[in-house]
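In what follows, a single structure is set out as C-alpha cells and then discussed.
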Amino acid sequence: MPRLAFNTEYGEQCSFAEFLNQLKPIVNTVSIPISVDIESGYSNDINTICQHVLAVAKLGAVGINIEDSDKVTGKLRPQEQQIAILVAIKNTLNRHGFSQLFINARTDCFLQTAKIGPTITRSLAYQAAGIDGVFVPGLTDSAAIKQLTTALSVSVNIMADELASDSRRLFAQGVQRFSLGNALFDVTKHFILTASCSFNNSKNCDYLFQ
C-alpha cells in the first residue's frame, strides 16, 4: 500500500536529549502512527546509535529514517560502516521486542553522485542488512526510479521535488512511500512571511479572509 509521509528534519542541530523532548509530546498527542527522522543517528558510534533508536522505539514511534551521511565530514559513510550500523540497529530492536519498527534506510548516494548505479548498489546492500525500506532523496528521473523499484523488494521512498511532485505517477512506477520533506514547511513559511510583509506595508489583511 503506497504511503504518504511527513517529516521535519532537525539536522542534528540540537542534542539528542532535546530531540527526544520535542518528540515525546508529538507521539503522546496524535493518534496516527509516527515515523521519526533521526538523521544519521546523532552519533558515529554504533552502540550509541542503537541506544538512540531504542529510545525512539520506547516512546512509541513505529518507524525511523536513518541516513548514511556523516554529519561531521558531510560525506557518505563507507558502505560497510553503514551496513554494520543497520545490522546492529535491527539486532537491538529484535532483542528488546521492537522487531516491527520500520527501518527506512536513507541513502544520500544519489544526492552526492547523481549516479543511479552506485545508488542501487548501496540500496541492495542495505536491503540485505534487513531494513524495511530505502529512501532516496534527489531521485526524480522516471527511468532511474523504475530501475530502483525493479531492483529492490523492499519499499522505495521518494522525496517530493519540482520534477517529482505527482505521487500517483510515482506509485505507478513501483514507489511505495512518498515524502514531502521540507516542502510543506517551506511553502507555509513563505506564505507567512509574504502575508506579514504585506500587512506591514498596507496595514490591511483582508486577503487572509478571501
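What you see is a predicted model; the values in this text were computed from it and never measured. Position 1 is the first residue of the sequence, and the numbers go up from there.
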Quick one: are [X] and [Y] in side-chain contact, heavy atoms under 4.5 Å?
X: L148; Y: V175; answer: no
X: N28; Y: K24; answer: yes
X: I49; Y: S43; answer: yes
X: T92; Y: R95; answer: yes
X: I120; Y: Q147; answer: yes
X: S35; Y: R177; answer: yes
X: N104; Y: I131; answer: no
X: I46; Y: C50; answer: yes

Heavy atoms from other residues, nucleotides or ligands near CD of Q100 exceed 12 (cutoff 6.0 Å):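 It does not: Q100 CD has 12 such atoms or fewer within range.
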Test of understanding: with salt bridge (Lys or Arg N to Asp or Glu O under 4.0 Å), list the residues that count as partners of D186, not counting sequence neighbours.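 D186 satisfies salt bridge (Lys or Arg N to Asp or Glu O under 4.0 Å) with no other residue.
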Which pair of non-hydrogen atoms, one from [X] and one from [Y], has the smallest distance, and what is that distance?
X: L111; Y: G138; answer: CD2-CA, 3.7 Å
X: L86; Y: A129; answer: CB-CB, 4.2 Å
X: L180; Y: A160; answer: CA-CB, 4.1 Å

Side chains of [X] and [Y], donor plus acceptor under 3.5 Å:
X: T107; Y: E67; result: no
X: S142; Y: R169; result: yes
X: S153; Y: Q127; result: yes
X: N44; Y: R77; result: yes

Stepwise, does the side chain to side chain contact (heavy atoms under 4.5 Å, CB included) test hold for F102 with V62? CA-CA 6 Å; F102 192 100; V62 301; 6.0 Å; no
Could you tell me whether the side chain of [X] and the main chain of [Y] form a donor-acceptor pair under 3.5 Å?
X: N201; Y: C197; value: yes
X: T73; Y: K75; value: yes
X: T149; Y: K146; value: yes
X: D45; Y: T48; value: yes
X: D141; Y: A144; value: yes
X: S198; Y: T194; value: no

Just jot down the side chain to side chain donor-acceptor pair (under 3.5 Å) partners of T29, sequence neighbours excluded, or say none. none
For D161, what residues pass the side chain to side chain donor-acceptor pair (under 3.5 Å) criterion, not counting sequence neighbours? none
ILVMFWY cluster, [X] and [Y] together (side-chain gap under 4.5 Å):
X: V72; Y: I38; answer: no
X: V187; Y: L208; answer: no
X: L193; Y: F191; answer: no
X: F171; Y: V134; answer: yes
X: L76; Y: L124; answer: no

How long is the straight-line distance from [atom2] of [Y] back to [atom1] of [X], given to the nearest 0.5 Å?
X: L139; Y: L163; atom1: CG; atom2: CG; value: 11.0 Å
X: R106; Y: S179; atom1: CZ; atom2: OG; value: 9.5 Å
X: S69; Y: E39; atom1: OG; atom2: CD; value: 9.0 Å
X: F178; Y: M159; atom1: CZ; atom2: CE; value: 10.0 Å
X: Q79; Y: T121; atom1: CD; atom2: OG1; value: 7.0 Å
X: N65; Y: I103; atom1: CG; atom2: CD1; value: 11.0 Å

Can you tell me which residue pairs pass the salt bridge (charged side-chain N to carboxylate O under 4.0 Å, His left out) test with a partner in residues 194-209, sequence neighbours excluded? none
Any salt bridge (charged side-chain N to carboxylate O under 4.0 Å, His left out) pairs touching residues 111-123, not counting sequence neighbours?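 Of all non-adjacent pairs touching residues 111-123, those that pass salt bridge (charged side-chain N to carboxylate O under 4.0 Å, His left out) are D68-R122.
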With sequence neighbours left out, what residues match F16 under ring pair (Phe, Tyr, Trp, His ring centres under 6.0 Å)?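 Listed in chain order: F19, Y42, H52.
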One pair to check against side chain to side chain contact (heavy atoms under 4.5 Å, CB included): I66 and S40. What are the steps and the verdict? CA-CA 5 Å; I66 182 162; S40 299; 5.7 Å; no
Apply side-chain hydrogen bond (donor to acceptor under 3.5 Å, both in side chains) to D132 and S155, showing your working. CA-CA 7 Å; D132 305 290; S155 297; over 6 Å; no
The test is side chain to side chain contact (heavy atoms under 4.5 Å, CB included); show your working for I89 and L54 and say whether it passes. CA-CA 8 Å; I89 288 173; L54 190 58; over 6 Å; no
